[in-house]
Amino acid sequence: MSERTPKVIFENVSKSFDVKGDKLEVLESIDLTVGEGELVCLLGPSGCGKSTLLNIAGGFEQPSSGTIKIDGELITAPDPRRVFVFQEYGIFPWASVWDNVVLGLRHLSKDKQYEIASEIIDLVGLSGFEKTYPMALSGGMKQRVEVARALAVSPDVLYMDEPFGALDSLTRLTMRSELIRIWKDRKPTILFVTHDVDEAIQLAERVVVFTGRPGSIAGVIPIDLEHPRDLGSAQYGVIKNKLYELLGVSHLI
């Protein structure tokens with residue numbers, strides 16, 4: 001982190017909601033700096049506020065206290081330079097792969113749209129499927145379309161909220177490898193929400209571990225392993241044990 005320019009800065013961020021007259025505390029005193037081009041996973045149990053923090057960073061929610069800045073600018077509303085990829089497929093079923101990808105490029109000339117869309121579709125491994133509609137695609141391919149559409153607008157920050165959660169285990173492994181390949185090629189800053197310990201280790205440069213609700217940061221673990229990562233290595237096992245300890249659960253059954 002010391003070598004990177006700070007990109008996203010959370011300062012003392014807390015969030016509560018009013019639920020039937022009662023105050024529901026969701027996030028508590030989050031302090032975190034994410035570097036330019038860094039891939040950071042937010043890891044924690046369901047309901048600990050990870051997705052809420054992502055929504056705040058994206059400008060869709062306002063913190064109850066604290067601030068979020070990107071490139072030194074206070075975040076108060078969504079910005080087209082920052083794009084979400086969700087678990088639920090956000091692609092349009094009535095539009096082809098091509099039309100889904102060019103959705104955010106309509107302001108550009110046809111030649112520029114063609115140039116960008118062709119490059120991105122090839123990058124995500126969907127060349128040959130440009131005219132295909134989502135109903136004819138597998139789950140993994142649909143997720144590739146959503147990633148392609150996000151990348152087409154050249155985002156400087158990519159927010160990913162459990163994007164592979166609905167996929168089968170083998171497809172998830174493939175999509176994680178593909179995400180790393182794309183990230184290395186494009187180097188966007190990525191904030192990736194997950195509750196899967198292995199997914200966090202396989203992807204992240206740093207893993208931010210959250211406590212249960214109200215979510216606070218239990219610890220930040222750097223993942224000093226080269227990609228592709230050996231799931232059977234001793235160092236992988238040591239990191240995995242640390243994460244389970246921070247989560248306060250046993251990984252022994």
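Note that the coordinates shown come from a computational prediction; the quantities given were computed from them, not determined experimentally. The basis for the numbers below is simple: all heavy atoms, side chains too, and nothing from hydrogens, waters or symmetry mates.
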Correct closest heavy-atom pair for Val153 and Pro80 would be CG2-O, 4.3 Å
So CG of Leu167 and NZ of Lys142: to nearest 0.5 Å the spacing works out to 10.5 Å
For Arg172, the salt bridge (Lys or Arg N to Asp or Glu O under 4.0 Å) test, sequence neighbours excluded, returns none
By salt bridge (Lys or Arg N to Asp or Glu O under 4.0 Å), Asp198 pairs with (sequence neighbours left out) Lys240
Connected to Phe92, directly or through other members, by ILVMFWY side-chain contacts below 4.5 Å are Trp94, Leu103
Inset, instruction - Walk me through it: do Val220 and Val207 pass the test side chain to side chain contact (heavy atoms under 4.5 Å, CB included)? - result: CA-CA 6 Å; Val220 179; Val207 179; over 6 Å; no
*Do you reckon Leu27 sits in the same ILVMFWY cluster as Ile9, going by side-chain contacts under 4.5 Å, direct or chained?*
no
On a heavy-atom basis, the closest approach of Ala150 and Pro155 is O-CD, 3.1 Å
Q) Salt-bridged, Arg82 to Asp156, with N to O below 4.0 Å? A) yes
task: Flag the pair Glu178 / Val124 as yes when at least one side-chain heavy-atom distance between them is below 4.5 Å, and no otherwise.
output: no
Does atom OH of Tyr236 have more than 12 heavy-atom neighbours from other groups under 6.0 Å away?
-> yes
Could you go through residues 66-77 and list every donor-acceptor pair under 3.5 Å that involves a side-chain atom there, pairing it with any protein atom two or more places apart or in another chain?
residue : atom : partner : partner atom : Å
Thr67   : OG1  : Glu11   : OE1          : 3.4
Asp71   : OD1  : Lys7    : NZ           : 3.2
Asp71   : OD2  : Lys7    : NZ           : 2.8

Practice problem: Might you work through the salt bridge (charged side-chain N to carboxylate O under 4.0 Å, His left out) test for Lys242 and Glu245, ending with a clear yes or no? | Solution: CA-CA 5 Å; Lys242 285 182 181 178; Glu245 286 172 10; over 6 Å; no
* So do the side chains of Leu105 and Lys112 get within less than 4.5 Å of each other, counting heavy atoms only? -> no
dist Ile182:CD1 -> Lys187:NZ (nearest 0.5 Å) comes out at 13.5 Å
Verify, without hydrogens or angle tests, whether Asn12 (side chain) and Ser29 (backbone) share a donor-acceptor contact under 3.5 angstrom. no
Output for pair (Ile120 CD1, Arg186 CZ), nearest 0.5 Å, gives 3.5 Å
All heavy atoms of Thr171 vs all of Gly140, minimum pair found to be CG2-CA, 3.7 Å
Taken in chain and number order and not counting sequence neighbours, the residues that satisfy ring pair (Phe, Tyr, Trp, His ring centres under 6.0 Å) with Phe210 are none
Across all chains, not counting sequence neighbours, the ring pair (Phe, Tyr, Trp, His ring centres under 6.0 Å) partners of Phe84 are Phe60, Phe86, Tyr159
Here the pair of heavy atoms bringing Ala200 nearest to Thr194 is CB-CG2, 4.0 Å
Between the CD atom in Gln143 and the CD1 atom in Ile91, the distance rounded to the nearest 0.5 Å is 8.5 Å
Closest non-hydrogen contact found for Ala95 with Asn100 is O-ND2, 3.0 Å
Mind checking whether Ile201 and Leu173 sit in one hydrophobic cluster, side chains of I, L, V, M, F, W, Y counted as touching below 4.5 Å? no
The salt bridge (Lys or Arg N to Asp or Glu O under 4.0 Å) partners of Asp168 (sequence neighbours excluded) come to none
Q) Is Tyr133 reachable from Val145 through a run of hydrophobic residues whose side-chain heavy atoms are each under 4.5 Å from the next? A) no
Taken to the nearest 0.5 Å, the spacing of Arg176 CZ from Gln202 CD works out to 4.5 Å
Test log, rule side chain to side chain contact (heavy atoms under 4.5 Å, CB included), inputs Leu247 and Leu43
CA-CA 9 Å; Leu247 289 166; Leu43 173 69; 4.1 Å; yes
Contacts satisfying salt bridge (charged side-chain N to carboxylate O under 4.0 Å, His left out) that involve residues 124-141 (not counting sequence neighbours) are none
Contacts satisfying side chain to side chain donor-acceptor pair (under 3.5 Å) that involve residues 209-225 (not counting sequence neighbours) are Thr211-Ser216
Rounded to the nearest 0.5 Å, the CG atom of Leu32 sits from the CD1 atom of Ile217 at a distance of 5.0 Å
When every non-hydrogen atom of Pro134 is compared with those of Pro93, the smallest separation belongs to CD-O, 3.6 Å
ask   = According to a 4.5 Å side-chain heavy-atom criterion applied to Ile, Leu, Val, Met, Phe, Trp and Tyr, with indirect links allowed, do Leu246 and Leu225 form part of one hydrophobic cluster?
value = yes
Sorted by chain and residue number, the salt bridge (Lys or Arg N to Asp or Glu O under 4.0 Å) partners of Glu205 (sequence neighbours excluded) come out as Arg4
Residue pairs passing the ring-ring contact (aromatic ring centres under 6.0 Å, His included) test with at least one member in residues 181-205, sequence neighbours excluded, are Phe164-Phe192
Would the distance check show the side chain of Lys50 and the main-chain N or O of Pro45 forming a donor-acceptor pair, the cut-off being under 3.5 Å? yes
Are more than 12 heavy atoms, taken from residues, nucleotides or ligands other than Tyr114, located less than 6.0 Å from that residue's OH atom? no
Q) Has the side chain of Glu146 got a donor or acceptor atom that lies under 3.5 Å from a matching backbone atom of Val85? A) no
Contacts of Phe10 meeting ring pair (Phe, Tyr, Trp, His ring centres under 6.0 Å) (sequence neighbours excluded), chain-then-number -> none
Run Leu137 and Val97 through side chain to side chain contact (heavy atoms under 4.5 Å, CB included) and show every step you take. CA-CA 9 Å; Leu137 300 175; Val97 168; 3.8 Å; yes
Apply side chain to side chain contact (heavy atoms under 4.5 Å, CB included) to Leu39 and Ile180, showing your working.
CA-CA 9 Å; Leu39 198 168; Ile180 291 299; 3.9 Å; yes
